[in-house]
Amino acid sequence: MVFRRRPERWHGTAGWPPMRIHYLRCGTDCPLGGALFDGFSKGLFGLIPCAAQLVETNDGLVLIDTGYGTEDVQHPHPRLSRFFHLLLNIRFRMQDTALSQIKAMGYSARDVRHIVLTHLDFDHAGGIEDFPHARVHVMEAERNAAEKKRRGFIARRRYRPVQWDDVRDWRTYSGSGEPWFGFDSVRSLDGLPPEILMVPLPGHTLGHAGVAVQTGDGWVLNAGDAYFYRRELDADRRRCTPGLRFYQTLMDTDRKRRFENQERLRDLKNDPHANVTIFCSHDERELVAMRRGSTPKQ
């Protein structure tokens, strides 16, 4: 059995101590195109956040994705690809790094015991080495893709091994696990409480995954880059902005599986009995809503 709690407990909330979740903006992309990317900007440039979560547990801090790190801000090249730097018009600010925000809360880098990654793209993994004492969790297929299968123009530029080549404590996970709200192979993580689960969502990358956290009010599912725009999960009249549709197509490794996982996320979001809140990594209005505990504007 993969989980330390019985499967029937995963759907409930009673008796589980709530964990505090902070929603961080760990970098911002401002691509030329404005509303053609984010759906609301009035100017020439869009506003695309790189969202992360910081979870306070009884055993220390857990960081879910890291966004851009301090070395990315100080030395963007050659850590990052010039192609993506220009395409996304990345705004580098030291105060946006996860490390700066965690220190502002009164913690230190050593307090971050675990980093759980949705995937290893440059805008999700840039801050890993800011937390040298953390154990890093990622799907096995993702690490293999990032380290051994970096072939082609996009693969060589999306994965930047310099961002994580000093990591010594990796935990990787195969596709085995248990069912969870219609998803297969969901599993708990080594050394983490059973209220934090890895949910495989391949498509954007070969080893892409979501991360689910049980709170006192239900589940919160960080879907990473399984979708980019909030209206993609609408029950009817689904749509995506042209800029984000182009970017998702550019970055796809398995488009069919991405759409299949989007469909399952859509079903879950629109299930009135599930009590699961879903958000993605790059929607400004979703990030603002998660911080406020409200519903994002359309």
K.L.:
Is there a donor-acceptor pair closer than 3.5 Å between any side-chain N or O of Arg160 and the backbone N or O of Arg156?
P.N.:
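Checked: pair present.
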K.L.:
I need the Tyr107 OH to Ile102 CD1 distance, nearest 0.5 Å.
P.N.:
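Taking OH in Tyr107 and CD1 in Ile102, the distance rounds to 9.5 Å.
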K.L.:
Looking only at side chains, do Glu129 and Gln163 share a donor and an acceptor under 3.5 Å apart?
P.N.:
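Judged by distance alone, the side chains do not pair up.
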K.L.:
Quick one, Phe122 with Phe84, criterion ring pair (Phe, Tyr, Trp, His ring centres under 6.0 Å). Give me CA distance, side-chain angles, the key distance, then yes/no.
P.N.:
CA-CA 9 Å; Phe122 63 93; Phe84 281 114; 4.9 Å; yes
K.L.:
For the pair Arg171 and Asp169, evaluate salt bridge (charged side-chain N to carboxylate O under 4.0 Å, His left out) and give the outcome as yes or no after the intermediate values.
P.N.:
CA-CA 7 Å; Arg171 291 295 187 275; Asp169 191 0; 2.7 Å; yes
K.L.:
Out of curiosity, Leu287 CG to Gln53 CD, how far, rounded to the nearest 0.5 Å?
P.N.:
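These two atoms lie 10.0 Å from each other.
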K.L.:
Under 4.0 Å between a Lys/Arg side-chain N and an Asp/Glu carboxylate O for Arg264 and Glu260?
P.N.:
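Looking at Arg264 and Glu260, the cut-off is not met.
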K.L.:
Distance-only, no hydrogens or angles: does the Asn261 side chain make a donor-acceptor pair with backbone N or O of Pro202 under 3.5 Å?
P.N.:
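A pair under 3.5 Å: yes.
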K.L.:
Would you mind listing every salt bridge (charged side-chain N to carboxylate O under 4.0 Å, His left out) that reaches into residues 138-153, with sequence neighbours excluded?
P.N.:
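Non-adjacent pairs meeting salt bridge (charged side-chain N to carboxylate O under 4.0 Å, His left out): Arg143-Glu147.
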K.L.:
Does any N or O in the side chain of Asp65 come within less than 3.5 Å of the main-chain N or O of Thr118, such that one atom is a donor and the other an acceptor?
P.N.:
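Looks like yes, one N/O pair under 3.5 Å.
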K.L.:
Find out if a path of hydrophobic residues (ILVMFWY) with successive side-chain heavy-atom gaps under 4.5 Å connects Leu63 to Val136.
P.N.:
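Result: yes, single cluster for both.
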K.L.:
Do Arg231 and Arg238 come within less than 4.5 Å of each other through their side chains, counting heavy atoms only?
P.N.:
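Side-chain contact under 4.5 Å: no.
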K.L.:
Stepwise, does the salt bridge (charged side-chain N to carboxylate O under 4.0 Å, His left out) test hold for Glu232 with Arg266?
P.N.:
CA-CA 8 Å; Glu232 292 183 83; Arg266 190 176 300 116; over 6 Å; no
K.L.:
Is there a donor-acceptor contact under 3.5 Å from the side chain of Ser188 to the main chain of Pro194?
P.N.:
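Checking the backbone N and O of Pro194 against the side chain of Ser188, no donor-acceptor pair under 3.5 Å is found.
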K.L.:
Distance-only, no hydrogens or angles: does the Asp123 side chain make a donor-acceptor pair with backbone N or O of Gly27 under 3.5 Å?
P.N.:
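No, the answer is negative, given that no donor and acceptor are paired below the 3.5 Å cut-off.
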K.L.:
So, taking the atom named CG in Leu87 and the one named CD1 in Ile90, what distance separates them when rounded to the nearest 0.5 Å?
P.N.:
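Reported to 0.5 Å precision, the distance equals 9.0 Å.
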K.L.:
Taking the six-membered ring for Trp, is the centroid-to-centroid distance between His85 and Phe92 below 6.0 Å?
P.N.:
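For His85 and Phe92, the ring centres are under 6.0 Å apart.
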K.L.:
Give a yes-or-no answer on whether the side chains of Asp29 and Tyr68 include a donor-acceptor pair shorter than 3.5 Å.
P.N.:
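Per modelled atom types, Asp29 and Tyr68 side chains form a pair under 3.5 Å.
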K.L.:
Check whether more than 12 heavy atoms from other residues, nucleotides or ligands sit under 6.0 Å from atom CZ of Arg110, and answer yes or no.
P.N.:
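Count not over threshold, so no.
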K.L.:
Answer with yes or no whether the side chains of His114 and Arg135 bring together a donor and an acceptor at under 3.5 Å.
P.N.:
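Looking only at side-chain atoms, His114 and Arg135 do not form any donor-acceptor pair under 3.5 Å.
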K.L.:
Looking at every heavy atom in both Phe279 and Ala51, which two are closest together, and how far apart are they?
P.N.:
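Scanning both residues completely, I find the closest heavy atoms to be CE1-CB, 4.5 Å.
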K.L.:
Begin with the C-alpha distance, continue with both residues' side-chain angles, and end with the deciding distance and a verdict on side chain to side chain contact (heavy atoms under 4.5 Å, CB included) for Val116 and Met198.
P.N.:
CA-CA 8 Å; Val116 184; Met198 187 82 86; 4.0 Å; yes
K.L.:
Answer with yes or no whether the side chains of His22 and Gln101 bring together a donor and an acceptor at under 3.5 Å.
P.N.:
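No, His22 and Gln101 have no side-chain donor paired with an acceptor closer than 3.5 Å.
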K.L.:
Is the NZ or CZ atom of Arg157 both under 6.0 Å from the centre of the six-membered ring of Phe153 and within 45° of that ring's axis?
P.N.:
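Judged by the rule, Arg157 and Phe153 form a cation-pi pair.
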K.L.:
Run the ring-centre check on Phe37 versus Tyr247 and record whether the distance is less than 6.0 Å.
P.N.:
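They do not qualify: ring centres at least 6.0 Å apart.
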K.L.:
Residues two or more places apart in sequence or in another chain: which of them pass side-chain hydrogen bond (donor to acceptor under 3.5 Å, both in side chains) with Asn89?
P.N.:
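None.
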K.L.:
Are any side-chain N or O atoms of Asp271 and backbone N or O atoms of Asp267, one a donor and one an acceptor, separated by less than 3.5 Å?
P.N.:
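Not at all, since once roles are kept as given, no pair shorter than 3.5 Å links the two residues.
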K.L.:
Any chance you could lay out the side chain to side chain contact (heavy atoms under 4.5 Å, CB included) test for Arg255 and Thr249, step after step, and finish with the verdict?
P.N.:
CA-CA 8 Å; Arg255 194 164 185 252; Thr249 301; 4.3 Å; yes
K.L.:
Looking only at the side chains, is there a donor atom on one of Ser41 and Asp38 sitting less than 3.5 Å from an acceptor on the other?
P.N.:
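Ser41 vs Asp38: donor-acceptor pair found between side chains.
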K.L.:
Provide the closest heavy-atom pair for Leu120 versus Ala146 in the form atom of the first, atom of the second, distance.
P.N.:
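Shortest heavy-atom contact: CD1-CB, 3.7 Å.
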K.L.:
Can you name the nearest heavy-atom pair linking Leu268 to Ala274, along with the distance?
P.N.:
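Minimum heavy-atom contact is CD1-CB, 3.6 Å.
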K.L.:
Could you check if a side-chain atom of Leu61 sits within less than 4.5 angstrom of a side-chain atom of Glu56, using non-hydrogen atoms only?
P.N.:
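Yes, their side chains come closer than 4.5 Å.
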K.L.:
Tyr229 and Leu244: which non-hydrogen atoms are nearest, and at how many Å?
P.N.:
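Minimum heavy-atom contact is CB-CD1, 4.0 Å.
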K.L.:
Ring-plane angle category for Phe183 and Trp180, please: parallel below 30°, perpendicular beyond 60°, tilted otherwise.
P.N.:
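The arrangement is tilted - the two ring planes meet at 30° to 60°.
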K.L.:
Take Ile64 and Leu54, measure what side chain to side chain contact (heavy atoms under 4.5 Å, CB included) needs, and give me the verdict at the end.
P.N.:
CA-CA 6 Å; Ile64 301 174; Leu54 183 70; over 6 Å; no
K.L.:
Looking at His77 and Leu80, would you say the former's side chain and the latter's main chain have a donor-acceptor pair under 3.5 Å?
P.N.:
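Checked: pair present.
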K.L.:
Of all the heavy-atom pairs spanning Leu206 and Ala145, show the shortest one and how long it is.
P.N.:
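Nearest pair, atom of Leu206 first, then Ala145: CD1-CB, 4.2 Å.
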K.L.:
Checking the side chain of Thr66 only, and the main-chain atoms of His124 only, is there a donor and an acceptor separated by less than 3.5 Å?
P.N.:
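Judged by distance alone, yes, a pair lies under 3.5 Å.
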K.L.:
Are any of the side-chain nitrogens in Asp59 or Arg113 under 4.0 Å away from the carboxylate oxygens of its partner?
P.N.:
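Result for this pair is no, no salt bridge flagged.
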K.L.:
Quick one: closest heavy-atom pair of Ala134 and Val112, and the distance?
P.N.:
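Reported closest heavy-atom pair: CB-O, 3.4 Å.
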K.L.:
Would you say Glu286 and Tyr227 are linked by a side-chain donor-acceptor pair, where the criterion is simply a distance under 3.5 Å?
P.N.:
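There is such a pair between these side chains.
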K.L.:
Could you grab the distance from atom OG1 of Thr97 to atom CZ of Arg25, nearest 0.5 Å is fine?
P.N.:
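Here the rounded value is 14.0 Å.
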K.L.:
Check whether any side-chain N or O of Asp96 sits under 3.5 Å from a backbone N or O of Cys26 as a donor-acceptor pair, and report yes or no.
P.N.:
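Judged by distance alone, no pair lies under 3.5 Å.
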K.L.:
Distance alone, cut at 3.5 Å: any donor-acceptor contact between the side chains of His119 and Asp225?
P.N.:
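Result is yes, a qualifying pair exists.
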K.L.:
Can you tell me how far apart CG (Asp283) and CG (Leu47) are? Round to the nearest 0.5 Å.
P.N.:
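The CG atom of Leu47 is 10.0 Å from CG of Asp283, to the nearest 0.5 Å.
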K.L.:
When hydrophobic residues are tied together by side-chain contacts of less than 4.5 Å, even through go-betweens, does Val62 share a cluster with Leu24?
P.N.:
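Val62 and Leu24: separate clusters.
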K.L.:
Quick one: does His208's side chain have a donor or acceptor within less than 3.5 Å of a partner on Leu201's backbone?
P.N.:
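Yes; at least one donor-acceptor contact below 3.5 Å.
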K.L.:
Does Lys256 come within less than 4.0 Å of Asp254, counting only side-chain N to carboxylate O?
P.N.:
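Salt bridge between Lys256 and Asp254, a charged N being under 4.0 Å from a carboxylate O: no.
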K.L.:
Do Tyr173 and Asp190 come close enough that some side-chain heavy atom pair is under 4.5 Å?
P.N.:
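Yes; the side chains approach each other to less than 4.5 Å.
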K.L.:
For Leu88 and Ile48, what are the C-alpha separation, side-chain angles and deciding distance, and is it a side chain to side chain contact (heavy atoms under 4.5 Å, CB included)?
P.N.:
CA-CA 9 Å; Leu88 299 174; Ile48 308 296; over 6 Å; no
